[in-house]
Amino acid sequence: MANKEIIELTSKHVANTYGRFPIAIVKGEGCYVWDGDGKRYLDFTSGLAVCNLGHCHPAVVAAIKAQAEKLIHISNLYHIETQSELASILTGHSFADKVFLCNSGAEANEAAIKLARKYFSMKGDGRFQVISMEKSFHGRTFGALAATGQKKFQLGFEPLLEKFTYVPFDDIAALKAAISPKTAAIMVEPIQGEGGVNVPSREYLKEVKKVCEEFGALLIFDEVQVGMGRTGTLFAYENFDVKPDIMTLAKGLAGGVAIGAMLATDEVAAAFTPGAHASTFGGNPLSTAAGIAAVNTVLNEGVLENCRSVGGYLVKKLNGLKTEFKFIREIRGMGLIIGMELDEGVKGGDIVKDCLAKGLLINCVGDKTLRFIPALIVKEKEVDEMIGILKASLDWYKESKSS
Ligand SMILES: *Cc1c(COP(=O)(O)O)cnc(C)c1O
């Protein structure tokens, strides 16, 4: 179908929950996608940090094809071969001992919140409070929404799940003032994604861990966006030399297939006993087969090295633009999650729209930060192409404001 036809059908029949750009993407390969009219775009959004291996990576496609012909779904009433294998790979490369599989980031966070409550309930220590961060994003279901420290996502859905408290990110004094013996968990993204690509100072997460230990609270890292190689290590926490008790994953975990995972240490995971939590589709053969292929590719095909080196190159190039355009305030990030913060009043959304017209997909988070999250297999020459288009858009924006 052509763009126009798809857009007409969408506006007629699809719930209006997204402010969508006026194109439909119908095909993808590596770092490029094509719309319904056959126009090609360079993709620096990667399905929002989902397609970490690029679109339709051959290893993921092959795994999906093979699994689809063998077994697509079977209930968790039975053991599932690919689920056990994916869980063993994830625990083998992380702090965790056990994995609960589900289908999205929000679901993974629901599982994390439920596990934290169950853990203290089984200890006979009725703790409910969860402290999360201002500008955080944890998903749209009621538990995850309550954890999300941004009013704009919560408006109209109150009353929310109780006992959530928010403190400013990267502010250890504020956390110390908020925590108490009633705190069950502190939930934090090691780097905030939707909140504007906010990287904490070096020691912050270590300090958070110390505070947790002092009060006997659990530490939950939401790595739904920054996990799976995005920061140049398999998990973002590895960069900060601190281990959580619980971690959630989703977006990049299965090369584009819907999946979520909640990982925990044996001690904490023991609170989930048969019947405590479940998901019909969680850990199904198809998504976990894709997950195995995706994780093995990230680990064995030089993807992390590429992420670090091309990430460094991208930052260098973006800093070059910063010296040229005075309305660029800061370039920040890690690996291949990079933000370009613009001055107050600069319309990031207009620049995103102009880039789209010029054949580049990027997006804007936290109102004024352009976010660059290309596939982790992106090459320097694709970064050069992106910088060329972005520079043309910034030139256009500068001129449109001066005239
Ligand atoms: C995207 C995201 C979520 C929500 O994931 P869904 O799959 O959309 O439910 C949760 N946490 C973080 C950090 C995210 O970036």
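Start at 1 and go down the list; that is how both ligands and their atoms are numbered.
Of the charged side-chain nitrogens involved, at least one lies within less than 4.0 Å of a carboxylate oxygen, so that Lys4 and Glu8 count as a salt-bridged pair.
Under the rule for a ring pair (Phe, Tyr, Trp, His ring centres under 6.0 Å), the partners of His73 that lie at least two apart in sequence or sit in another chain are Phe281.
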Candidate pair Tyr313 and Asp384, rule side chain to side chain contact (heavy atoms under 4.5 Å, CB included), full reasoning: CA-CA 9 Å; Tyr313 183 74; Asp384 290 340; 2.5 Å; yes
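The aromatic rings of Phe372 and Phe44 lie perpendicular to each other, with more than 60° between the two planes, well past the 30° mark. Classification of the Phe235-Tyr237 ring pair by plane angle, with boundaries at 30° and 60°, yields parallel.
Near ligand 1, residues Ser104, Gly105, Ala106, Asn109, Phe137, His138, Gly139, Glu189, Asp222, Val224, Gln225, Lys251 each place a heavy atom inside the 4.0 Å sphere around the ligand atoms.
Glu341 pairs in a salt bridge (Lys or Arg N to Asp or Glu O under 4.0 Å) with only one of the listed residues (Arg371, Lys322, Arg332), which is Arg332.
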